[in-house]
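Structure first, then comments.
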Amino acid sequence: QLQLVESGGGLVQAGGSLRLSCAASGRTFSNYPMGWFRQAPGKEREFVATISWSGNSTYYSDSVKGRFTISRDNAKNTVDLQMNSLKPEDTAIYYCAARRGSMLSAHLQDYDDWGQGTQVTVSS
C-alpha cells in the first residue's frame, strides 16, 4: 500500500495558478500510474488527470485539458498537478491516487490508494 499526502492547495483568484504536490511513501512508487481527482461540494468525485509510471503518457479530463499539467518525479516519489487559468468551477478538494495496474484509467474504482485531499478555492 502507498501512503499519499497532498499539499499546495489554497485560495486563488480566477485566472491564477496553483501547484499541487503529492508525496508517496510505502511501496515502490515508480511501479504505479498515478491520478488526480477532485470533489466539489454536493458533487461526486471526478477524474482530473493521470500519468503513467514512466511519466511518458498522460491523460486529462476535457474540463482541464490545456490548463492543467500532471508530472511526476520517481526519484523524489512525487506527482504534481500544475493548474493554470483557474476558474471558480475548479473549486474542490483535490485527491491524489495510485493505481495498482499498468494501464492509465480515468475511473475512480480503478484506483487503490488515496490521499486525504487538499482544498482548492478559486474566487471570482
Side-chain angles (χ1 to χ4, degrees):
Q1 183 177 359
L2 275 180
Q3 288 77 47
L4 304 171
V5 179
E6 302 94 337
S7 61
L11 174 64
V12 63
Q13 288 189 333
S17 299
L18 278 176
R19 188 176 184 89
L20 305 184
S21 187
C22 173
S25 61
R27 300 173 73 93
T28 306
F29 172 76
S30 59
N31 288 348
Y32 300 92
M34 299 293 295
W36 283 95
F37 290 77
R38 66 186 182 187
Q39 188 165 16
K43 295 188 177 182
E44 294 185 352
R45 195 171 299 189
E46 65 174 8
F47 168 75
V48 174
T50 183
I51 188 167
S52 63
W53 66 269
S54 66
N56 290 336
S57 296
T58 58
Y59 179 68
Y60 299 89
S61 69
D62 288 343
S63 61
V64 308
K65 196 177 299 181
R67 299 187 298 122
F68 290 11
T69 302
I70 188 172
S71 61
R72 69 189 296 162
D73 186 335
N74 287 340
K76 296 181 179 179
N77 286 0
T78 59
V79 57
D80 291 350
L81 185 69
Q82 177 66 43
M83 306 186 295
N84 298 330
S85 303
L86 283 161
K87 305 175 182 179
E89 51 263 43
D90 294 319
T91 294
I93 299 174
Y94 282 71
Y95 298 90
C96 171
R99 166 167 162 72
R100 296 179 211 169
S102 59
M103 304 296 289
L104 297 184
S105 174
H107 301 291
L108 205 74
Q109 62 269 26
D110 289 339
Y111 288 79
D112 303 283
D113 302 308
W114 293 82
Q116 82 291 347
T118 185
Q119 176 71 48
V120 171
T121 304
V122 184
S123 63
S124 57

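When reading the values below, keep in mind they use all heavy atoms of this one structure, side chains included, and skip hydrogens, waters and symmetry mates. In this chain, numbering begins with 1 at the start of the sequence shown.
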Results of side-chain hydrogen bond (donor to acceptor under 3.5 Å, both in side chains) for [X] - residues two or more places apart only:
{"X": "Asp110", "result": "Ser105"}
{"X": "Ser52", "result": "Ser54"}
{"X": "Glu89", "result": "none"}

For a 4.5 angstrom cut-off between non-hydrogen side-chain atoms, does [X] reach [Y]?
{"X": "Val79", "Y": "Phe29", "answer": "yes"}
{"X": "Trp53", "Y": "Tyr32", "answer": "no"}
{"X": "Asp113", "Y": "Arg100", "answer": "yes"}
{"X": "Arg38", "Y": "Glu46", "answer": "yes"}
{"X": "Ser17", "Y": "Gln82", "answer": "yes"}
{"X": "Phe68", "Y": "Leu86", "answer": "yes"}
{"X": "Cys96", "Y": "Trp114", "answer": "no"}

Find the distance between [atom1] ([X]) and [atom2] ([Y]) and round it off to the nearest 0.5 Å.
{"X": "Thr58", "Y": "Arg72", "atom1": "OG1", "atom2": "CZ", "answer": "12.0 Å"}
{"X": "Arg99", "Y": "Met34", "atom1": "CZ", "atom2": "CE", "answer": "12.5 Å"}
{"X": "Ser71", "Y": "Leu81", "atom1": "OG", "atom2": "CG", "answer": "8.5 Å"}
{"X": "Cys22", "Y": "Asn77", "atom1": "SG", "atom2": "CG", "answer": "10.0 Å"}
{"X": "Ser25", "Y": "Leu4", "atom1": "OG", "atom2": "CG", "answer": "7.5 Å"}

Sort out for me which residue in Ile51, Thr50, Val48, Ile70 forms a side-chain contact (heavy atoms from CB on, under 4.5 Å) with Tyr60.
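Single pass found, and it is Ile70.
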Is there a path of hydrophobic side-chain contacts, each under 4.5 Å between heavy atoms of I/L/V/M/F/W/Y residues, joining [Y] to [X]?
{"X": "Phe37", "Y": "Val120", "result": "no"}
{"X": "Met83", "Y": "Phe47", "result": "no"}
{"X": "Tyr59", "Y": "Tyr94", "result": "no"}
{"X": "Trp36", "Y": "Leu108", "result": "no"}

Where do [X] and [Y] come nearest, in terms of heavy atoms and distance?
{"X": "Thr118", "Y": "Gly9", "answer": "OG1-N, 3.2 Å"}
{"X": "Leu18", "Y": "Gly8", "answer": "CD2-O, 3.9 Å"}
{"X": "Ala23", "Y": "Thr78", "answer": "CA-CG2, 4.3 Å"}
{"X": "Tyr111", "Y": "Ala97", "answer": "CD2-CB, 3.6 Å"}
{"X": "Ser124", "Y": "Ala14", "answer": "CA-CB, 4.4 Å"}

Crowding at CD, Gln13 (>12 non-hydrogen neighbours, <6.0 Å):
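Result for CD/Gln13: open.
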Can you tell me if Lys43 has over 12 outside heavy atoms packed within less than 6.0 Å of its NZ?
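Check fails, neighbour count at 12 or below.
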Given 3.5 Å as the limit, does a donor-acceptor pair link the side chain of Ser21 with the main chain of Asp80, or not?
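Here the side-chain-to-backbone pair does not exist.
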Determine whether a donor-acceptor pair (N or O, by modelled atom type, separation under 3.5 Å) exists between the side chain of Glu6 and the backbone of Gly117.
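Yes, the answer is positive, given that a donor and an acceptor are paired below the 3.5 Å cut-off.
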When you check the gap from the basic side-chain N to the acidic O, do Asp90 and Lys87 get nearer than 4.0 Å?
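A salt bridge is absent here (no side-chain N lies under 4.0 Å from a carboxylate O).
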